[in-house]
Number of protein chains: 2
Amino acid sequence: MIKPKQKSVSGRQASSAQVADDEASPAAAGTEVDLGYLNGLLGYALRRAQLAVFQDFIQNMKDFDLRPAQFSVLAIIAANPGLKQSRVSEALGINRANFVALLDELEKRKLARRAASPGDRRSNALYLTPKGESFLAEAYRHLQIHHERRLDELLGSADKQFLLSLLRKLSTLS
Amino acid sequence: MIKPKQKSVSGRQASSAQVADDEASPAAAGTEVDLGYLNGLLGYALRRAQLAVFQDFIQNMKDFDLRPAQFSVLAIIAANPGLKQSRVSEALGINRANFVALLDELEKRKLARRAASPGDRRSNALYLTPKGESFLAEAYRHLQIHHERRLDELLGSADKQFLLSLLRKLSTLS
DNA sequence: GCAAATTGTTATCAGTTATAATAATCAGAA
DNA sequence: TTCTGATTATTATAACTGATAACAATTTGC
């Protein structure tokens, strides 16, 4: 079902590795820039891909004025209504001090709200407002149609699923 | 040769999607946090994976005091000696204004140097110093042994190659 | 020869991320 | 129960990244 197409990926190692500097002939202007050691580095490929995908995400969420971090907060709260603030920030890997302003903004826009946590007066239980629920649902629908579908077309949806599984493995590092 | 293992990736859509808020029962404390909509989003998986891989990179480069951006600059110069400053920054997607301080640092550490560009007195031709050459080679060797090999073991080296090819496709997004 | 573009640089600003400190509250041990 | 230590949300702050604008020197094209 999933056909890994390795066609244009070959010849990677051969391209650089030997760092011979002939200072007499500076790299030609019309030539393509050789990525050298970067060609094999997963971190580099990840960074470039993440930047490109986030750019597309941000572009698509322009009408919603929603950046990736904000979307992720709404999504977590929607899936776990009543979760306390520290657990939401922890789940997203966001420092809880920095999470305050992020949530302030969402609360100011009436998309989320802090509620008293029953049994612990220190913590806030977080909920989406009704407006937040429909807003998130619409944003998600828009993303599916415009953002994710575009990625499906670029990668093939089977390969995209496989990509997701590989990325999840990487997230478990240390 | 490449066997896409889709085992634990199934049931993604089913997990959330229905955002039913039962405000009466706040999300339990001992329960795992449900990622909800984030489960299907490629951008989220990419971000978490990139963060994890960069953390491992930085950890492994601690003795070299070399961060990803610095490594990438050295790698580009090594593979394209004499390339002018603006082309290096452009190749890495780094704003040329921000590139100045980055290169200043590498020059202060005697790893790279700005040289006069023959035929254009505006631009700098960039080279690694001999120290820079050996430093980069050692850093790369260390990365291969400790960083990339670990990723190979985590993903399987065939799947890692396939992952690289998918990430490169994503980087082409507008 | 002159207007427009390029190159490196500085200054600046918004956004992100990490740390420390603090007040309120909770939990557990003496 | 009281007291000590941990947790929670918050503020303030600093470091770092990324983008923009302005500028001088230089090159390019008409």
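Each chain gets a letter, A, B and so on, in the order its sequence line appears, and its residues count up from 1.
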Whole-Å distance, A:Arg113 CZ to D:dA9 P, equals 16 Å

Exercise. At under 4.0 Å between heavy atoms, what does B:Asn95 touch on the DNA or RNA strands: base, sugar-phosphate, or nothing?
Worked result: base

Per nearest nucleotide of DNA chain D, the residue lying toward the 5' end, A:Arg47 or A:Asp120, is A:Asp120

Here the distance between atom P of D:dT17 and atom CG of B:Leu102, to the nearest Å, is 8 Å

Here the distance between atom C1' of D:dT17 and atom CD of B:Gln70, to the nearest Å, is 13 Å

Between CG of B:Asn98 and P of C:dC13 the distance, given in whole Å, is 15 Å

Sorted by position of nearest nucleotide on DNA chain D, 5' first, the leading residue of B:Gly93 and A:Asn124 is A:Asn124

Assert: residue with more 5' nearest nucleotide on DNA chain C, out of A:Gly119 and B:Val100, is B:Val100

Worksheet item: Under 4.0 Å: is that the gap between some side-chain N or O of A:Gln85 and OP1 or OP2 of D:dT10?
Response: yes

Between CG of B:Leu103 and P of C:dT10 the distance, given in whole Å, is 12 Å

Practice prompt. Look at all strands and tell whether B:Ala97 reaches a base, only sugar-phosphate, or nothing, counting heavy atoms closer than 4.0 Å.
Written response: base

Are OP1 or OP2 of D:dT7 and a side-chain N or O of A:Arg96 less than 4.0 angstrom apart? no

> Taking only N and O in the side chain of B:Arg121, is any of them less than 4.0 Å away from OP1 or OP2 of D:dT27?
Replying inline: yes

When rounded to whole Å, the CZ to P distance for the pair A:Arg67 and D:dG18 reads 15 Å

Across all chains, not counting sequence neighbours, the side chain to side chain donor-acceptor pair (under 3.5 Å) partners of A:Arg150 are A:Asp56

Here the gap from A:Leu35 atom CG to B:Ile76 atom CD1, rounded to the nearest 0.5 Å, amounts to 4.5 Å

Here the distance between atom P of C:dG8 and atom NZ of B:Lys84, to the nearest Å, is 7 Å

Taken to the nearest whole Å, CG/B:Leu51 to C1'/C:dA18 is 13 Å

- According to the interplanar angle, ranging from 0 to 90°, do the rings of B:His147 and B:Phe57 count as parallel (below 30°), tilted (30 to 60°) or perpendicular (above 60°)? perpendicular

Between the side chain of A:Lys160 and the main-chain N/O of A:Leu154, is any donor-acceptor distance below 3.5 Å? no

query: Below 4.0 angstrom from OP1 or OP2 of D:dT7, is there any side-chain N or O of A:Ser123?
result: no

Checklist entry - Are A:Phe71 and A:Phe64 near enough that their ring centres are under 6.0 Å apart? => result no

